[in-house]
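First the structure, in the form of structure tokens, and then the observations on it.
All of these numbers come straight from a predicted model, not from anything done at the bench.
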Amino acid sequence: GSSSSSQHTAMEEYTREPCPYRIGDDIGSAFSMGLVGGSIFHSFNGFRHSAKGQKMMGALREVRVRGPLTASQFAAWGGMFSTIDCGLVALRKKEDPFNSIISGGATGALLAIRSGPKVMAGSAVIGAVILAMIEGVGLVMTRMMGSFYDPTAPPPEPLDDPRALGSSNKGNVQPGVTDSSTATPAAPFGLPGMNTL
């Protein structure tokens, strides 16, 4: 009844894979982002820190050695985040931004578990805040795009053709052009005429 329709409208905002498949999808996406972003970052780093004449080889070496490591770290983050997110969907029986925010915090905490409770708490807060910002921007963009194209909105009123509008002036006077018979003589640059002073 009404609960299924409200759940249906809440689910329409999320056009992601269904839950078990989402984990693999997110791992692959995170790995790709980490590989591309890490390669760009490490190539600049390798180029900057290499000796003169070895800049290109240094950049390629850094990309080869550190790019896959960064990609693997991104994939671990994406996989853990997605797994926790799917667990929350199964527990809460609904899919909303709070799942992502909680998942971001839990992922940050779990990835920092070897650093102690203080670092875990800081990482959890940072993860939750970052995901809250991402979800907020996503919701704002969804609302903005929805207002640009609303298939249920009535079509806009057609604009009137200015040539078809009746003119309150005598004759067909163009805007910005004064009728020389009724206008007071004007000085250059639109200043009032000398005889009006």
Side-chain angles (χ1 to χ4, degrees), residues 3 6-51 54-146:
S3 66
S6 66
Q7 185 180 11
H8 180 66
T9 56
M11 295 289 277
E12 284 174 355
E13 290 184 25
Y14 294 91
T15 55
R16 296 171 66 187
E17 291 285 325
C19 228
Y21 307 108
R22 181 183 302 177
I23 298 170
D25 191 39
D26 284 355
I27 289 172
S29 299
F31 185 87
S32 301
M33 285 190 291
L35 190 63
V36 171
S39 296
I40 292 169
F41 176 78
H42 293 307
S43 67
F44 283 126
N45 233 4
F47 187 85
R48 197 176 66 189
H49 294 301
S50 294
Q54 296 291 314
K55 298 272 187 193
M56 212 52 165
M57 291 305 294
L60 291 174
R61 183 180 56 249
E62 285 293 308
V63 168
R64 189 180 71 243
V65 171
R66 296 189 185 210
L69 179 65
T70 304
S72 301
Q73 290 170 340
F74 269 67
W77 198 97
M80 188 174 291
F81 169 82
S82 196
T83 304
I84 294 169
D85 193 35
C86 285
L88 286 172
V89 169
L91 280 174
R92 296 181 67 221
K93 302 286 189 253
K94 63 177 166 178
E95 192 162 344
D96 58 6
F98 293 115
N99 287 349
S100 296
I101 295 168
I102 295 167
S103 299
T107 301
L110 286 173
L111 288 176
I113 201 164
R114 294 188 300 170
S115 302
K118 191 183 278 188
V119 175
M120 273 180 69
S123 294
V125 169
I126 290 171
V129 167
I130 288 173
L131 263 296
M133 291 188 324
I134 290 170
E135 287 293 324
V137 169
L139 285 174
V140 167
M141 293 301 288
T142 302
R143 298 264 160 82
M144 279 180 42
M145 291 303 178

Using salt bridge (Lys or Arg N to Asp or Glu O under 4.0 Å) as the criterion, list what pairs up with Arg92, not counting sequence neighbours. Asp96

The reported gap from CZ in Arg61 to CE in Met56 (rounded to nearest 0.5 angstrom) is 13.0 Å

With sequence neighbours left out, which residue pairs that include part of residues 91-140 fulfil the disulfide (SG to SG under 2.5 Å) condition? none

Ala30 and Gly78: which non-hydrogen atoms are nearest, and at how many Å? CB-CA, 4.1 Å

Under the rule for side chain to side chain donor-acceptor pair (under 3.5 Å), what residues qualify as partners of Thr70, not counting sequence neighbours? His42

Approximate separation, where rounding is to 0.5 Å, of His49 NE2 and Asn45 CG: 4.5 Å

I need the minimum non-hydrogen distance between Asp85 and Ser100, along with the two atoms involved. OD1-N, 3.8 Å

Check: Asn99 side chain, Lys94 main-chain N or O, donor-acceptor pair, under 3.5 Å: yes

Rounded at 0.5 Å granularity, tell me how far CD in Glu62 sits from CZ in Phe44. 13.5 Å

If you measure from SG on Cys86 to CG on Leu91, what distance do you get to the nearest 0.5 Å? 11.5 Å

Sequence neighbours left out, what passes side chain to side chain donor-acceptor pair (under 3.5 Å) with Ser82? Give chain and number order. Asp26

Output all residues satisfying side chain to side chain contact (heavy atoms under 4.5 Å, CB included) with Ile27, sequence neighbours left out; order by chain, then residue number. Ile23, Ala75

Would you be so kind as to tabulate the donor-acceptor pairs closer than 3.5 Å made by side chains of residues 124-132, with sequence neighbours excluded?
none

Distance check, rounded to the nearest 0.5 Å: Leu35 atom CG versus Ile40 atom CD1? 10.0 Å

Donor-acceptor check, side chain of Ser123 to backbone of Met120, threshold 3.5 angstrom: yes or no? no

